[in-house]
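One structure is given here, and the rest of the page talks about it.
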Amino acid sequence: MAQITHWINGKPWEQAPTRTGKVYDPATGVVQSEVALATPEVVNAAVAAAGEAFPAWRDSPITRRQNVMFAYRELVVENRHEIAKLITAEHGKTTPDALGEVQRGLEVIEFACNIAHMVKGEFSEQVSTGVDTFTMRQPLGVVAGITPFNFPAMVPMWMYPLAIAAGNTFILKPSEKDPSPSMFCAELLKEAGLPPGVFNVVHGDKVAVDRILEHPDIQAVSFVGSTPIAQYIYENGTKAGKRVQALGGAKNHMVVLPDADMDLAADAAVSAGYGSAGERCMAISVVVTVGDAADRLIPEVMARIAKLRTGPGSDPDSEMGPLVTPEHRDKVVGLIDKGVEEGADLLIDGRGYSPDGFESGFYVAPTLFDKVSPKMEIYKHEIFGPVLSVVRVDHYQDAIDMINENPYGNGTALFTNDGGAARKFQSEIQIGMVGINVPIPVPLAFYSFGGWKSSIFGANPIYGPEGVRFYTKQKVVITRWPDPIYRGVDLGFPQHGK
Ligand code: NAD
């Protein structure tokens, strides 16, 4: 069976692992490889390598760091099909979806190619006689990223290209469920000219994460994953004195007003609800219909679901793949069972489905509930599977209140043709990323990504300008090169404006 090991100091880690985890092929249910699970000593070795590499990397010309990113960008473009293949093999998503993931990661790499512009400081001449002031942004040192299973290439790319381009050295702890894309990208970074130790990968679970959180030589931690772990990372990382950004889970609502274009809304609900089998933090999980919108929307949604093909991600005919592990499939099926028990109206049941010849894969077909209430478990939980719930409300304000009362705040969308209603939504909704007739409002790399409420812990959203701020610290320098004729002691507090 294939063995996946860590990447430390520019090469695969040679020592045999003391613990390993299973990596499935979700399409067939077969365990395809074993991944090493790092001990604290392995994390220490990665931090030592990153620490040694930092001074030279920090001091390398910014144009050199940019050139490495340009070269890496070219290699990711050239190898995008190979990266997508690794994603599909371990995550299960379809090939076009995996290619889309690589593309969105690539956009952050392209943004990082422009790091010289992003870390430029400000300068003020003559703030007092002979006194000038300027700011600069400097890298933090060794920083770490801990990432979820659902975007095994893209979410790490939200972090390390900017961190590295800004002059930091990086430790990535990817999800142990789909570790291979990170290893492949480590090789591409080496080929792009990145010196050993600047980018390291440690695989593992809580043991590795806890060592990252307490290690005194790690300055900052970026995390993306579920809310309870995000909170844990934030609390423990900040307690250890680190800068932490921790993005958590979601429960995204899409509101459909009666005046909406129902074809557009149905296309959006099906695409955003079932894309990647619902394993996206920006997936639509709840469709809130206002007034009589449900009666016109639901038949359109059902007609589209009937045509969706669920199957192995590598099959060009599949539009939706399996879930990532048997445990996750069982959790999703358990929540569907609960929805039925609690009296929601199960219009389409995806339980028990498997494509011919793939009976042991982790499949759940698209599932649709109507008449869901906010008291039900299927409403309260982030299902993270191909399950859409319709909640019917009488008034637009009820929809807004429901979303604002929800503990999560990642993404939301409104479908309407009414500009005034849209303007009210974008202004009043307590959610970090808002789409108007756009179901998955993920900003491009020159903006930053992040939810509100329990979808984020810490002040900084990820990538874009906020990402640059997170991975750098500002220094302000005040210089005095006086004209020799100005002399004299002054014990008053400096007033540079004099
Ligand atoms: P997860 O929280 O289980 O795991 C994320 C990372 O934390 C992994 O690297 C994992 O090894 C580690 N981890 C897991 N349990 C841990 C523990 N007890 N202690 C320390 N570390 C632990 O998340 P997942 O299942 O891999 O990913 C799905 C979740 O990620 C969903 O909740 C989804 O909404 C969220 N997500 C959020 C965003 C966002 O931008 N807000 C993006 C993608 C995914």
Side-chain angles (χ1 to χ4, degrees), residues 19 21 23 26 35-38 40 43 90-93 101 104-105 108 144-159 171-179 181-182 201-214 221-237 244-252 275-285 323-325 327-329 331-332 381-385 407-412 431-433 440-443 448-458 460-464 466-467:
R19 292 188 310 137
V23 180
V35 60
L37 301 177
V43 175
E90 292 181 348
H91 174 284
K93 66 179 73 172
E101 165 174 354
R104 295 308 304 260
V108 185
I146 301 163
T147 54
F149 80 82
N150 66 323
F151 285 105
M154 181 189 78
V155 170
M157 286 175 185
W158 286 359
M159 303 173 180
I171 317 272
L172 173 64
K173 207 303 284 170
S175 171
E176 64 277 33
K177 293 174 188 151
D178 40 17
S182 300
V201 182
V202 291
H203 300 292
D205 51 13
K206 184 169 167 32
V207 174
V209 169
D210 283 344
R211 184 61 192 140
I212 287 172
L213 292 178
E214 70 195 17
V221 176
S222 300
F223 173 87
V224 175
S226 61
T227 287
I229 312 297
Q231 185 165 5
Y232 175 81
I233 302 283
Y234 184 74
E235 288 174 359
N236 288 284
V244 181
Q245 55 178 182
L247 282 72
K251 188 79 183 174
N252 304 315
S276 201
E279 290 173 323
R280 289 181 184 145
C281 66
M282 291 294 276
I284 292 294
S285 180
L323 294 172
V324 69
T325 58
E327 294 79 18
H328 188 52
R329 187 257 330 266
K331 183 188 141 194
V332 171
H381 286 273
E382 178 186 33
I383 302 174
F384 225 56
Y408 293 105
N410 220 35
T412 189
I431 301 286
M433 291 172 282
I440 306 187
V442 175
S448 300
F449 177 107
W452 285 11
K453 298 189 274 186
S454 61
S455 295
I456 199 167
F457 298 85
N460 291 92
I462 207 159
Y463 70 72
E466 293 281 346

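Heavy atoms only: backbone and side chains are in, while hydrogens, waters and symmetry mates are out. Just follow the structure's listing: the first ligand is 1, and inside any ligand the first atom is 1.
- Of the possible donor and acceptor atoms, none in the side chain of N252 sits under 3.5 Å from a partner among the backbone N and O of S285.
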Any protein N/O atoms within less than 3.5 Å of an N/O atom in ligand 1? List the atom names and distances, or say none.
| from | atom 1 | to | atom 2 | distance (Å) |
| --- | --- | --- | --- | --- |
| ligand 1 | 2 (O) | S226 | N | 2.9 |
| ligand 1 | 2 (O) | S226 | OG | 2.6 |
| ligand 1 | 9 (O) | T147 | O | 2.8 |
| ligand 1 | 9 (O) | K173 | NZ | 2.9 |
| ligand 1 | 11 (O) | K173 | NZ | 2.7 |
| ligand 1 | 11 (O) | E176 | OE1 | 2.7 |
| ligand 1 | 26 (O) | F149 | N | 3.0 |
| ligand 1 | 30 (O) | G225 | O | 3.3 |
| ligand 1 | 32 (O) | E382 | OE1 | 2.6 |
| ligand 1 | 34 (O) | E382 | OE2 | 2.5 |
| ligand 1 | 41 (N) | G248 | O | 2.8 |

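- Looking at residues two or more places apart in sequence or on another chain, you find a side-chain contact (heavy atoms from CB on, under 4.5 Å) between P179 and I4, V23, V35, E90, H203.
- W158 and F449 have tilted rings, their planes meeting at an angle from 30° to 60° on a 0 to 90° scale.
- Scanning for salt bridge (Lys or Arg N to Asp or Glu O under 4.0 Å) contacts around R104 gives E107, with sequence neighbours left out.
- Side-chain N or O atoms of T147 include none that pairs as donor or acceptor with a backbone N or O of P156 at under 3.5 Å.
- Under the ring pair (Phe, Tyr, Trp, His ring centres under 6.0 Å) criterion, F223 pairs with no residue at all, not counting sequence neighbours.
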